[in-house]
Amino acid sequence: MLLNLPKAVKPIGVRFLSGARAACVGVDVYPSHFASLLKECKAILLHMSHLMPDVFVGNALIDAYGKCGLMENAVKVFNMMEFKDVVSWNAMVAGYSQSGNFKAAFELFKNIRKENIPLDVVTWTAIIAGYSQRGCSHEALNVFRQMIFSGSLPNCVTIISVLSACASLGAFSQGMEIHAYSLKNCLLTLDNDFGGEDEDLMVYNALIDMYSKCRSFKAARSIFDDIPLEERNVVTWTVMIGGHAQYGDSNDALKLFVEMISEPYGVAPNAYTISCILMACAHLAAIRIGKQIHAYVLCHHRYDLSAYFVANCLIDMYSKCGDVDTDRHVFDSMSQKSAISWTSMMIGYGMHGRGSEALDIFDKMRKAGFVPDDITFLVVLYACSYCGMVDQGLSYFDSMSADYGLTPRAEHYACAIDLLARFGRLDKAWKTVKDMPMEPTAVVWVALLSACRVHSNVELAEHALNKLVEMNAENDGSYTLISNIYATAGRWKDVARIRHLMKKSGIKKRPGCSWVHGQKGTASFFVGDRSHPLSPQIYALLESLIDRIKAMGYVPETNFALHDVDEEEKNNLLVEHSEKLALAYGLLTTFPGCPIRITKNLRVCGDCHSAFTYISKIVDHEIVVRDPSRFHHFKNEYNHVLRGGAMWIVDQEKGKGKM
DNA sequence: CTAGGGTTAG
């Protein structure tokens, strides 16, 4: 019995346990690692613990077991303890709450009252934190309300948990209320005196995170900017960087990252920071920076433990930057892959039109023991859809319910309908829409509408657009599509009517914008952009290129241009498309042999696609274009046309409107 | 000894 041990041993027991916990929980070790360490603790403690454990050791044990999800053991210890204090109860509540057993947590909650132990702020906070960490944000906010009504005063820890719940809900006004509440109740000092007050900084970090997840960057940024450089810790930087990367401008995220690691107050990024910055690189297709980050991760061993997350982000970054082979390299080097690793790899292959490799990954994933779920199937269907594998796609669609007992959701139907419609089977697509067991979603109608653009079906297009308008889901993209469909059918009055409608309702066509990484940094171009200093050279180069490819058989596809201008004007408008300008800039500023990677905010236009195919035959560069949904590779030959024409149809698909 | 901030695919 510990109570009878020599005095010196008791503190060692406590220290050992809490030290082990701190070492494991505080430093990003998986609970399973801690569990094995705990076994050793148990060996020391339990051979004498058929008798009652001392309250301190008992509490530490409850905590430790709770953290490992071993609540049965925690209960045993709890019941064995003759003297329990409020900490014992709180540790139990926290254990249940964190393992998601809220029923048991509340049961204890009631018992605490029965036993006349005062409910304290830690008990409340443990419940709130449990809800918040498990994504039950509404419940967390409800318990917080009850807490306030009951007269308990929250402290910083409570506020941090509640702010985190608001952040994941995007609950701006409630978050702001809590901000105000903390100021009013002196939970936050106003004087910007951060002098070593760790808790204050944590609240500020939670506030920055909350405001940026509510897309209120001004508020987030002003809190961030008010924190002196030397006081910001790695979380302060990470929430601000992550906020910009996920909800704002990724360029800002990159700028902040550079500031973060700059002397004299440089802060070392951790795995969270790296994940966020890789996300920003993925959004911007900033492959050079992404590669530098990759190198940084390889050089610093401290990322090993959490390489799991970082590697998944690397896969995503490389595939969105157009380098799917490096992607595969990272993937293969992972010793432990999660379902996310596998799906990311499939998405990567799919986006690059390498469908059979995507399906190969799907096979290997199943062989590795992962049972496909509805998300896996969604990804497989996307891959089939991107790569024009109609029959395989449909058979997977059938297989998911027949062989795996999964019920297709509206998204799955949307994929299947997209697949059918784009490849000319509009009738079957339409039948599938009518047979859907649920209301078709906007995505379904957009898929149909886009297919009508390719297959010139005015009637079905009108129907789809009406549905979109009914559900308030129409946007510049859908109007542009229908307008193009009318134009192709020669129905100019309808074109004019749509234009007028767009003007009246204030819907503006988003301008196309492309950017490219030249030798001297990134340059971006809008349609008809002449603001770049190299513009004269860019336009001159384009003109000569177009002349040369015309001689090779290129015919400008003027139906991608506006319809109320004459033919010559149409040709000029086509030349000014942002992706052509970006290509010319890339050619002017990149060494021969280097790939030119262009990113565009809207779908690549059909004429540009055709022009690039010819141009890639006469320049010594591979051209890789990324648009919002996929990659187009052009490499010295008619690759994509040879691929059964599938990619070609795919490319015309959603017109120019969809982002 | 109990409660607390930030990350990945669709």
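The distance between atom CG of A:Leu187 and atom P of B:dA3, rounded to the nearest whole Å, is 19 Å. Atom C1' of nucleotide B:dA3 and atom OH of A:Tyr131 are separated by 16 Å, given to the nearest angstrom. Computed from coordinates, the A:Gln98 CD to B:dG4 P distance equals 5 Å when rounded to whole Å. The distance between atom CD1 of A:Ile160 and atom P of B:dT2, rounded to the nearest whole Å, is 16 Å. Put simply, CZ on A:Phe78 is 19 Å from P on B:dC1, counting in whole angstrom units. Per the geometry, CG belonging to A:Asn233 stands 13 Å off C1' belonging to B:dG4, to the nearest Å. Counting to the nearest Å, the C1' atom of B:dT7 and the CZ atom of A:Phe309 are 5 Å from each other. Rounded to a whole Å, the CD1 atom of A:Ile340 is 9 Å from the P atom of B:dT8.
Within 4.0 Å (heavy atoms only), A:Met279 reaches sugar-phosphate atoms of the nucleic acid but no base atom. Within 4.0 Å of A:Val239, counting heavy atoms only, lie sugar-phosphate atoms of the nucleic acid but no base atom. Nucleic acid contact class of A:Glu411 (heavy atoms, under 4.0 Å, all strands): none. Here A:Val234 lies in heavy-atom contact (under 4.0 Å) with a base. Residue A:Asp373 is out of contact with every strand shown, counting any heavy-atom pair closer than 4.0 Å.
Taking side-chain N and O atoms only, A:Lys337 has no distance below 4.0 Å to OP1 or OP2 of B:dA9. Note on A:Gln133: every side-chain N or O is 4.0 Å or more away from OP1 and OP2 of B:dA3. An OP1 or OP2 oxygen of B:dT8 is reached within less than 4.0 angstrom by no side-chain nitrogen or oxygen of A:Ser338.
A:Ala368 pairs by the side-chain contact (heavy atoms from CB on, under 4.5 Å) definition with A:Trp342, A:Phe370, not counting sequence neighbours. In terms of the ring pair (Phe, Tyr, Trp, His ring centres under 6.0 Å) criterion, residue partners of A:Tyr404 (sequence neighbours excluded) are, by chain and number, A:Phe377. By the ring pair (Phe, Tyr, Trp, His ring centres under 6.0 Å) test, A:Tyr131 pairs with A:Phe102, sequence neighbours left out. In this structure A:Ser338 satisfies the side-chain hydrogen bond (donor to acceptor under 3.5 Å, both in side chains) test together with A:Asn312, A:Ser341, sequence neighbours excluded. Among residues two or more places apart in sequence or in another chain, the side-chain contact (heavy atoms from CB on, under 4.5 Å) test is passed with A:Val443 by A:Ala414, A:Thr441.
The shortest distance between side-chain heavy atoms of A:Met92 and A:Val75 falls below 4.5 Å. Residues A:Val267 and A:Asn233 are not in side-chain contact: their nearest non-hydrogen atoms beyond the backbone lie 4.5 Å or more apart.
Listed nucleotides B:dT7, B:dT2, B:dA3 differ in distance to A:Ala129; the shortest reach to its side chain belongs to B:dA3. Among B:dG6, B:dT7, B:dT2, the nucleotide with an atom closest to any side-chain atom of A:Thr273 is B:dG6. Distances from the side chain of A:Val157 to the nucleotides B:dA3, B:dG6, B:dT8 place B:dA3 closest. When distances are taken from the side chain of A:Asp63 to each of B:dG4, B:dA3, B:dG6, the shortest belongs to B:dA3. Listed candidates were B:dT2, B:dA3, B:dA9. Nearest to the side chain of A:Ser344 is B:dA9. In this structure, of B:dT2, B:dG4, B:dT8, it is B:dG4 that holds the atom nearest to the side chain of A:Met202.
Side-chain atoms of A:Asp120 stay outside donor-acceptor range of the base of B:dA3, with no qualifying N/O pair under 3.5 Å. Under 3.5 Å, the side chain of A:Thr343 and the base of B:dA9 form at least one donor-acceptor pair of N or O atoms. Judged by atom type and distance alone, A:Asn270 reaches the base of B:dG6 through a side-chain donor-acceptor pair under 3.5 Å.
Remark: the A:His329 side chain and the A:Tyr318 side chain contain no N/O donor-acceptor pair separated by less than 3.5 Å. For the residue pair A:Arg328/A:Tyr349, the side-chain donor-acceptor check at 3.5 Å is satisfied.
Using a 4.0 Å cut-off on heavy atoms, the residues of residues 313-321 of chain A that approach DNA chain B are A:Cys313, A:Asp316, A:Lys320, listed by number.
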